[in-house]
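Below, read A as the first sequence line, B as the second, and so on, with proteins coming before strands; counting in each chain starts at 1.
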Amino acid sequence: MLKKVEAIIRPTKLDEAKEALNQYGIRGLTVTQVAGCGLQKGKKGFYRGSEYNIDLLPKVKIEVIAQDHMVEDIVKIITDTVQTGEIGDGKIFIYLLKM
Amino acid sequence: MLKKVEAIIRPTKLDEAKEALNQYGIRGLTVTQVAGCGLQKGKKGFYRGSEYNIDLLPKVKIEVIAQDHMVEDIVKIITDTVQTGEIGDGKIFIYLLKM
Amino acid sequence: MLKKVEAIIRPTKLDEAKEALNQYGIRGLTVTQVAGCGLQKGKKGFYRGSEYNIDLLPKVKIEVIAQDHMVEDIVKIITDTVQTGEIGDGKIFIYLLKM
Ligand SMILES: Nc1ncnc2c1ncn2[C@@H]1O[C@H](COP(=O)(O)OP(=O)(O)OP(=O)(O)O)[C@@H](O)[C@H]1O
Ligand SMILES: Nc1ncnc2c1ncn2[C@@H]1O[C@H](COP(=O)(O)OP(=O)(O)OP(=O)(O)O)[C@@H](O)[C@H]1O
Ligand SMILES: Nc1ncnc2c1ncn2[C@@H]1O[C@H](COP(=O)(O)OP(=O)(O)OP(=O)(O)O)[C@@H](O)[C@H]1O
Ligand SMILES: [Mg+2]
Ligand SMILES: [Mg+2]
Ligand SMILES: [Mg+2]
């Protein structure tokens, strides 16, 4: 059973995440430059009296397709690596591949 | 149940779509610059007598991961926003996430 | 039943793959510039005495959403097109869409 782990993280954390995954034994991954916003936004605006936030911050998306039994470790490795304790650390989403 | 709504739209419609989603309450989304072709192509060529089209137009991909019950609204908001009445308005694809 | 065929190939093979898919009858596809590494890496380094590889090579991701019964043909067309006999020819992953 193959799964895709998709992590959207700060660009400054890419090298560290890549190296940690490689040390763990991950040989294949794909990286895409994206832009995104999460729960907290980069900047704020107002619309009809209420605050809103639509600014996008540069992020990188790391995709790792791996066997089911490795997914938990991969998620932990990425989470441990990207943690800064500040907002905007990133998000991880998981998808099932079609056999 | 989480789903991914993936919309591939004209770059000129990104701000409007982002704002409409934000007004609805969407706080997280990811944007990627892509290139694509749909049913109708940007330019035309000929190969062995029959017309073909392989040109790619710049597009943006918006990805929103959201709870199941919001998906219908998200699709409607994006569809309403990107509509111009001309060809090339965009496409929306939906994926299931692994829990 | 819709599926997504996701192929990550050498950028130099994009035009050929696009044309082969178009000749087959594929009218819609999306292309993203990505960076990636596979089983063999572009460059090598050392970390605590053991060799590691973390370099990313430029690649393109082709995404084709198509009916189930076309998936096998699409995979074959892309595989035939991108083959060079050398390492780094590319990878194809398949996902199920939500109806
Ligand atoms: N529901 C979602 N759908 C799609 N992408 C999301 C979603 N939530 C978060 N993301 C992506 O994950 C990235 C990281 O999310 P995070 O919550 O850490 O916020 P942030 O954008 O990094 O910044 P901050 O939270 O400081 O505004 C986002 O930039 C966005 O690209
Ligand atoms: N079957 C498909 N698989 C993958 N991506 C697709 C598919 N169909 C459409 N797309 C993506 O959605 C985008 C929008 O599709 P749409 O049908 O509006 O065509 P278009 O490329 O915008 O331009 P036009 O239709 O005017 O040629 C495409 O550019 C492509 O990136
Ligand atoms: N397990 C994986 N998860 C995510 N993406 C992968 C995975 N394996 C391969 N890829 C993607 O597919 C691309 C092609 O893989 P391939 O095995 O041909 O290696 P390569 O990076 O092209 O180069 P080389 O094999 O010569 O180092 C990779 O660059 C990467 O983007
Ligand atoms: Mg955040
Ligand atoms: Mg069209
Ligand atoms: Mg290889």
Side-chain angles (χ1 to χ4, degrees), chain A residues 1-36 56-71 73-75 77-78 80-82 90-99, chain C residues 1-11 30-72 74-75 82 87-99:
Chain A
M1 191 71 92
L2 285 177
K3 284 184 184 155
K4 178 199 277 195
V5 180
E6 177 181 278
I8 306 168
I9 65 169
R10 295 179 210 283
T12 52
K13 289 288 188 176
L14 173 60
D15 280 348
E16 214 177 313
K18 233 167 47 184
E19 243 175 282
L21 290 167
N22 193 262
Q23 288 299 319
Y24 172 70
I26 296 299
R27 294 290 166 262
L29 58 82
T30 300
V31 175
T32 313
Q33 291 183 21
V34 300
L56 300 175
L57 303 171
K59 300 278 169 183
V60 296
K61 181 197 279 189
I62 303 179
E63 291 168 288
V64 185
I65 283 90
Q67 291 295 329
D68 208 16
H69 68 269
M70 301 171 79
V71 167
D73 284 349
I74 293 170
V75 170
I77 287 164
I78 297 174
D80 287 355
T81 306
V82 304
K91 284 277 181 313
I92 298 182
F93 303 113
I94 298 170
Y95 306 85
L96 193 63
L97 269 77
K98 187 66 202 150
M99 301 273 77
Chain C
M1 191 70 92
L2 285 177
K3 284 184 184 154
K4 178 200 277 195
V5 180
E6 176 181 279
I8 305 168
I9 65 168
R10 295 177 209 283
T30 301
V31 175
T32 313
Q33 292 183 20
V34 300
C37 54
L39 253 191
Q40 302 81 25
K41 304 301 162 56
K43 293 186 189 149
K44 290 166 201 310
F46 278 88
Y47 180 78
R48 295 183 183 169
S50 53
E51 203 180 43
Y52 72 106
N53 303 279
I54 52 162
D55 291 286
L56 300 175
L57 302 171
K59 300 279 169 182
V60 296
K61 181 196 279 189
I62 303 178
E63 292 168 287
V64 184
I65 283 90
Q67 291 295 329
D68 208 16
H69 69 270
M70 300 171 78
V71 166
E72 209 178 317
I74 293 170
V75 169
V82 303
I87 58 173
D89 275 346
K91 283 279 182 309
I92 298 181
F93 304 112
I94 298 170
Y95 306 84
L96 193 62
L97 269 78
K98 187 66 201 147
M99 302 271 78

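Side chains of C:Lys91 and A:Ile65 form no contact here, defined as non-hydrogen atoms less than 4.5 Å apart. Side-chain atoms of A:Thr32 and C:Thr32, non-hydrogen and from C-beta on, do get closer than 4.5 Å to each other.
Between A:Lys4 and C:Glu6 there is a salt bridge, with a side-chain nitrogen of the basic residue lying less than 4.0 Å from a carboxylate oxygen of the acidic one.
To the nearest 0.5 angstrom, A:Asn22 atom CG is 10.0 Å from C:Asp55 atom CG.
Annotation: side chain to side chain contact (heavy atoms under 4.5 Å, CB included) contacts of A:Ile9 (sequence neighbours excluded): A:Ala7, A:Lys13, A:Ala17, A:Val60, A:Ile62, A:Ile78, A:Val82. Legend: residues meeting side chain to side chain contact (heavy atoms under 4.5 Å, CB included) with C:Glu72, ordered by chain and number and at least two apart, are absent.
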**Item:** Intermediate values then yes/no, salt bridge (charged side-chain N to carboxylate O under 4.0 Å, His left out), A:Glu63 and C:Lys61
**Value:** CA-CA 12 Å; A:Glu63 291 168 288; C:Lys61 181 196 279 189; 2.8 Å; yes

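Contacts of A:Leu97 with chain C are made by both backbone and side-chain atoms, with heavy-atom separations under 4.5 Å.
Residues A:Leu96 and C:Tyr95 approach most closely at O-CD2, 3.9 Å, considering heavy atoms.
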